[in-house]
Novice: 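Quick one: the structure is below, questions incoming.
All values derive from a computational prediction rather than experimental measurement. Convention: sequence-line order gives letters A, B, ...; per-chain numbering from 1.
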Amino acid sequence: MSKTLIKIENLKANIDGKEILKGIDLEIKEGEVHAIMGPNGSGKSTLASVLAGREIYEVTGGKVEFNSKNLLDLSPEERSREGVFLAFQYPIEIPGVSITNFMKAAVEQHREHKGLEPLSPSAFLKMMKEKKELVEIGSKLANRAVNQGFSGGEKKKNEVFQMAMLEPKLAILDETDSGLDIDALRVVSNGVNKLKNKKNGFLVITHYQRLLDYIVPDVIHVLYNGKIVKTGGKELALELEEKGYDWIKE
Amino acid sequence: MSKNDDNKIITELSEKEYEAGFVTDIETEVFPAGLNEDIIRQLSAKKNEPQFMLDFRLKAFRKWLTMTEPDWGHLEYEKPNFQAISYYAAPKSTAKYNSIDEVDPELIKTFEKLGIPLNEQKALSGVAVDVVMDSVSVHTTFKETLKEKGIIFCSISEAIQDYPELVEKYIASVVPAGDNFYSALNSAVFTDGSFAYIPKGVRCPMELSTYFRINQANTGQFERTLLIADEGSYVSYLEGCTAPQRDENQLHAAVVEIVALKDAEVKYSTVQNWYPGNKEGKGGVYNFVTKRGICKGDNSKISWTQVETGSAVTWKYPSTILKGDNSVGEFYSVAVTNNFQQADTGTKMIHIGKKTKSTIISKGISLGRSNNSYRGLVKIGPKAHDARNYSQCDSLLIGDTCGAHTFPYIESENPSAIVEHEATTSKVSEDQIFYCNQRGLDTESAVSLIINGFAKEVLNKLPMEFAVEAQKLLALTLEGSVG
């Protein structure tokens, strides 16, 4: 029996006084891939943001246990260091900061949190090289400033690369497939599949079934109007594709 | 990140301590406060100056009396009372040290505390340092090594004694005494500073550096720096500054002159960290500085790089006169203002010769209730055929109580010239901070990373030894910014 990675119970959240999440229950075990599907405005991205600790959302109820800690008590950076990674739907540009420097700062703070010595520059660069090969991103990308002037596909590949560098326990992919052509989609999905192991878990948020051809989920949840209205196996995605979201709204 | 956290960051930023703010307890000889011809005569006699220097000072003083303090800067401050300042303060025992063993141990300690070892064994290899405390130069390292190459690097007082013909030829040749109110004052009362002469065809093998420290209360520091790069020579010069924390404002009015002859290149870098005043805006140094270089000969080059983090009020425009054909002027600047600091800084590029080129990259970062202005003039003279200028002024705002202003002036009298100006203003966004947080960076590291990224183009221009210091200084300026 594998261990529970994250357990979300009756999670409720508001933005500007408007309730978006209306009681979410979700449990992901080590080694599992869960997908969340649902129409626009159902609360998918809000769930991702709330789990990452974005403060514009106010949590009004419920609890989230992650790695036997109360996730909601932790700051965004502590959540990251504990092993929660969010691949952004719209990755942010940080002009003038190279990906190498950005990742060096992040990896150092992650290691410090774990009580590890900082990596030597050569060990760090070796790690960069290995991870770049693993997720098949061009080696030049790392010398560029974080997301500055990146194409949509490059931004998403960069997210997967950062995920590889930080080796999270739980990776949340927020509509990572949006705006990707088929080649970029394949690179991104291959990266995720390589990073998958028996100890970590994935929460894949997507609007379309297409991504789930590449990243095959164990469980699919359908989110509608702030609640999970249906849970099933991977065949649920096909059913949704066929019938559309109107079917669940009934 | 909510609005509250934004405010919290700004508040906590203000609580950062000024690390160089200690006072050295050392016996000092100070002139009585006030300024008149007698004081100037005493000063000149004290320094055993030749007649031409005294005449120069008196002429400048008489000119100064006819001038008024400029008020066109985007600055608000109480005008200094020039009669309340003492114009000479010197550590008492300085006859002039022959070796480091004679230097007051308190002084050595002061500079070690600031990370400037005076002992050559301990000194950074590759950097010769002239140290100026209050009004006098106290020590110059690596003098002998430089002498072998024919390079003169000493305090300006020594130069006036030992190389009067060089001083007389070049002093005020770039910044005339009557150029402006502060340069006139400086010319009348300057006490010390650095002098360097690089002979023909010599590439200076180490960085030359002057470290300025104001220690004594109620004194002004008026230093004078003169750099002469003879034909085909090269020198890189660094300047660092700190002062103790004091409640009253201290005045610093320096003049720096650079002469680059044919094919010569001068790189002048400053890391300025004068005491900026406390978080209520009390105290701090008034930094009113005139810095100017002339590319006198063809193919010469002068490059200014500055990282300005200190001072309550900064009024400073390092400028280059591009007289020689094909000469090049560069200005790279990062200015950070916090709390109630005010900076009005920029450059002037005066194109006179043909095919002269200038580049201006200015990065202003404002926090707290500070105001940060870029003011620059690009002037193309009628004979400056095919002159080119590129200017880029970027401002970064942190919080919503600070200000950034850009005042570019362009005057072109030659139709073949190409002048480009770009300006941007941005804020550190909550999205950027959250993105960094999500990767495990705390907010302080995130802001520091974003600022270093913003200023990178300029920081890259600094010599290595200084780049590290500058980065630390930028991080220090932000210390305590955890949201």
Novice: Can you tell me which portion of E93(A) sits under 4.5 Å from chain B's heavy atoms? Options are side chain, backbone, both or neither.
Specialist: backbone
Novice: Are more than 12 heavy atoms from other residues, nucleotides or ligands located less than 6.0 Å from atom NZ of K194(A)?
Specialist: yes
Novice: I'd like to check I94(A) versus I450(B) (side-chain heavy atoms, cut-off strictly below 4.5 Å). Are they in contact?
Specialist: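 A side-chain contact exists here, since the closest heavy-atom pair is under 4.5 Å.
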Novice: Can any side-chain N or O of Q438(B) pair as donor or acceptor with the backbone N or O of A52(A) at less than 3.5 Å?
Specialist: no
Novice: Considering residues, nucleotides and ligands other than K169(A), do more than 12 of their heavy atoms fall under 6.0 Å from its NZ?
Specialist: yes
Novice: Step by step, would you call N147(A) with Y435(B) a side chain to side chain donor-acceptor pair (under 3.5 Å)?
Specialist: CA-CA 11 Å; N147(A) 294 321; Y435(B) 190 71; 3.2 Å; yes
Novice: Please classify the contact of L166(A) with chain B as side chain, backbone, both or neither, using a heavy-atom distance under 4.5 Å.
Specialist: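 Only the side chain of L166(A) comes within 4.5 Å of chain B.
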Novice: Are there over 12 heavy-atom neighbours, none belonging to K155(A), within less than 6.0 Å of that residue's NZ?
Specialist: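 Count over threshold, so yes.
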Novice: Please classify the contact of V107(A) with chain B as side chain, backbone, both or neither, using a heavy-atom distance under 4.5 Å.
Specialist: neither
Novice: Hey, is NZ on K267(B) packed in by over 12 heavy atoms from elsewhere, all under 6.0 Å?
Specialist: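 Buried by this count: over 12 neighbours within 6.0 Å.
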Novice: For R54(A) and D431(B), which heavy atoms make the closest approach, and how far apart are they?
Specialist: NH2-OD1, 2.8 Å
Novice: Any heavy-atom pair between the side chains of E78(A) and N437(B) that's under 4.5 Å?
Specialist: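 Contact flag for N437(B)/E78(A) side chains = no.
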Novice: Which one, S80(A), S75(A), P76(A), leads in non-hydrogen pairs under 4.5 Å with chain B?
Specialist: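 Highest number of pairs under 4.5 Å: S80(A).
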Novice: Between Y90(A) and chain B, which part of the residue has a heavy atom less than 4.5 Å away: side chain, backbone, both or neither?
Specialist: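 Neither part; nothing is under 4.5 Å.
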Novice: Enter the distance from R439(B):CZ to R81(A):CZ here, rounded to the nearest 0.5 Å.
Specialist: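 Between R439(B) CZ and R81(A) CZ, I get 14.0 Å after rounding to 0.5 Å.
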Novice: For atom CG of N197(A), decide whether the heavy atoms of other residues, nucleotides or ligands shown that lie under 6.0 angstrom number more than 12.
Specialist: yes
Novice: With L441(B), which of Q109(A), E108(A), H110(A) fulfils side-chain contact (heavy atoms from CB on, under 4.5 Å)?
Specialist: Q109(A)
Novice: Give a yes or no on this: more than 12 heavy atoms of other residues, nucleotides or ligands lie within 6.0 Å of atom CD of E27(A).
Specialist: yes
Novice: Given that the side chain runs from C-beta out, which part of P91(A) has a heavy atom under 4.5 Å from chain B: side chain, backbone, both or neither?
Specialist: both
Novice: Work out which heavy atom in P95(A) is nearest to a heavy atom in Q432(B); give both atom names and the distance.
Specialist: CD-NE2, 3.6 Å
